[in-house]
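Atom set for the values below is all heavy atoms of this structure, side chains included, hydrogens, waters and symmetry mates excluded. Quick note: residue numbers are just sequence positions, from 1.
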Amino acid sequence: MAGHFRSYVWDPILIVAQIILMQCIYYSFLGIWLAVVDSLVQNSRSLDQVFSYEVLGFSTAQGRLSMMAFVLNSLTCALGLWYFIRRGKQCLDFTVTIHIFHFMGCWIYNLHFPTALSWWLVNIVCIALMAVIGEYLCMRTELRAIPVNTGPKSDL
């Protein structure tokens with residue numbers, strides 16, 4: 001069927017490559033944001049900041065700063081969705097996939113299911129921010145006007 005606008009071809013290799021790319025973006029920029037936040041308050045860097053449930057909390061300054069790094073990371077990853085995925089319909093799918101893999105990584109790292117309410121709240125807020133902002137950016141690009149007449153105008 002020729003003539004379909006934006007026909008979609010099933011390409012599992014592309015999808016897996018995009019998932020791996022977005023996962024790399026997620027952890028790379030989370031590490032950068034955590035390093036920036038830690039350098040501001042002279043805090044020691046640790047893998048617990050990425051994977052431990054107890055670090056994310058409202059009661060300590062380190063917990064609040066780690067939450068801020070996760071929120072900033074979701075904004076950065078929304079830019080990654082816009083630049084690499086470029087489809088508004090797929091932003092939520094990739095966002096949830098990234099966070100499911102992060103959830104499984106946290107579960108394996110801690111050896112138990114997450115029970116901290118603050119961890120769940122931060123991840124839900126980050127999923128919402130990343131998906132909505134990524135979708136907004138992709139839709140804005142997709143809906144950009146397509147120039148039809150690129151030749152010189154002649155006045156008849």
Side-chain angles (χ1 to χ4, degrees), residues 1-40 45 47-58 62-110 113-150:
M1 281 198 202
H4 279 109
F5 177 72
R6 242 187 240 266
S7 62
Y8 181 72
V9 178
W10 171 250
D11 189 3
I13 294 172
L14 174 66
I15 294 170
V16 169
Q18 287 175 326
I19 290 171
I20 291 170
L21 175 67
M22 287 306 300
Q23 206 71 39
C24 290
I25 290 171
Y26 179 80
Y27 285 117
S28 298
F29 281 99
L30 180 59
I32 290 169
W33 284 117
L34 285 169
V36 167
V37 166
D38 288 343
S39 67
L40 292 175
R45 292 169 186 88
L47 201 55
D48 284 345
Q49 290 178 304
V50 177
F51 292 112
S52 181
Y53 312 127
E54 288 81 26
V55 172
L56 294 175
F58 295 104
Q62 180 186 0
R64 289 189 298 273
L65 289 172
S66 293
M67 286 181 187
M68 184 178 73
F70 272 89
V71 169
L72 290 171
N73 187 48
S74 66
L75 302 176
T76 307
C77 287
L79 292 173
L81 287 171
W82 174 59
Y83 191 76
F84 294 110
I85 306 304
R86 295 196 178 267
R87 295 291 307 265
K89 288 171 50 175
Q90 295 176 338
C91 286
L92 181 62
D93 300 337
F94 279 94
T95 300
V96 171
T97 302
I98 287 168
H99 284 85
I100 286 174
F101 282 127
H102 179 67
F103 167 74
M104 291 188 311
C106 291
W107 196 351
I108 291 168
Y109 182 81
N110 291 297
F113 190 80
T115 56
L117 180 63
S118 59
W119 186 87
W120 286 103
L121 289 174
V122 166
N123 281 290
I124 289 169
V125 166
C126 287
I127 287 171
L129 279 174
M130 186 173 159
V132 169
I133 293 171
E135 206 167 310
Y136 170 76
L137 292 171
C138 290
M139 290 297 218
R140 195 179 76 184
T141 302
E142 288 176 353
L143 296 176
R144 196 176 290 157
I146 301 171
V148 177
N149 187 6
T150 58

**Q** Can you tell me how far CG of Leu92 sits from CD of Glu135, rounded to the nearest 0.5 angstrom?
**A** 7.0 Å
**Q** Please tabulate, one pair per line, all N/O donor-acceptor pairs under 3.5 Å involving side-chain atoms of residues 19-39, not counting sequence neighbours.
**A**
residue, atom, partner, partner atom, Å
Gln23, NE2, Ile98, O, 3.4
Tyr27, OH, His102, ND1, 2.9
Ser28, OG, Cys24, O, 2.7
Trp33, NE1, Thr76, OG1, 2.9
Asp38, OD1, Gln49, NE2, 2.9
Asp38, OD2, Gln49, NE2, 3.1
Ser39, OG, Ala35, O, 3.3
Ser39, OG, Val36, O, 2.8

**Q** To the nearest 0.5 Å, tell me how far Ile85 CD1 sits from Gln90 CD.
**A** 7.0 Å
**Q** Can you tell if the side chain of Val50 reaches within under 4.5 Å of the side chain of Tyr109, non-hydrogen atoms only?
**A** no
**Q** Checking Arg86 against Tyr83: charged group under 6.0 Å from the ring centre and within 45 degrees of the axis?
**A** yes
**Q** Roughly how far, to the nearest 0.5 Å, is the CG atom of Leu137 from the CG atom of Leu81?
**A** 9.0 Å
**Q** Return the minimal non-hydrogen interatomic distance between Phe94 and Ile15, and the atom names on each side.
**A** CE2-O, 4.1 Å
**Q** Around Leu14, counting heavy atoms of other residues, nucleotides and ligands shown, do more than 12 lie under 6.0 Å from its CG?
**A** yes
**Q** If I compare all heavy atoms of Ala131 with all of Cys91, which pair ends up nearest, and what's the gap?
**A** O-CB, 4.2 Å
**Q** Assess whether atom CZ of Phe103 is packed by more than 12 heavy atoms of other residues, nucleotides or ligands within 6.0 Å.
**A** yes
**Q** Measure the CD-CD distance between Gln62 and Glu54 for me, rounded to the nearest 0.5 Å.
**A** 12.0 Å
**Q** Taking C-beta and beyond as the side chain, do Leu129 and Val71 meet within less than 4.5 Å on heavy atoms?
**A** yes
**Q** Output a table of donor-acceptor pairs, distance under 3.5 Å, between side-chain atoms of residues 114-128 and any protein atom two or more places apart or on a different chain; print 'none' if there are none.
**A**
residue, atom, partner, partner atom, Å
Ser118, OG, Leu56, O, 2.4
Trp120, NE1, Pro114, O, 3.1
Asn123, ND2, Trp119, O, 2.8

**Q** About how many Å separate CD1 of Ile13 and CD of Gln18, when rounded to the nearest 0.5 Å?
**A** 12.5 Å
**Q** With rounding to the nearest 0.5 Å, note down the distance linking CE in Met67 to CZ in Phe58.
**A** 4.0 Å
**Q** For atom CZ of Phe84, is the number of surrounding heavy atoms from other residues, nucleotides or ligands below 6.0 Å larger than 12?
**A** yes
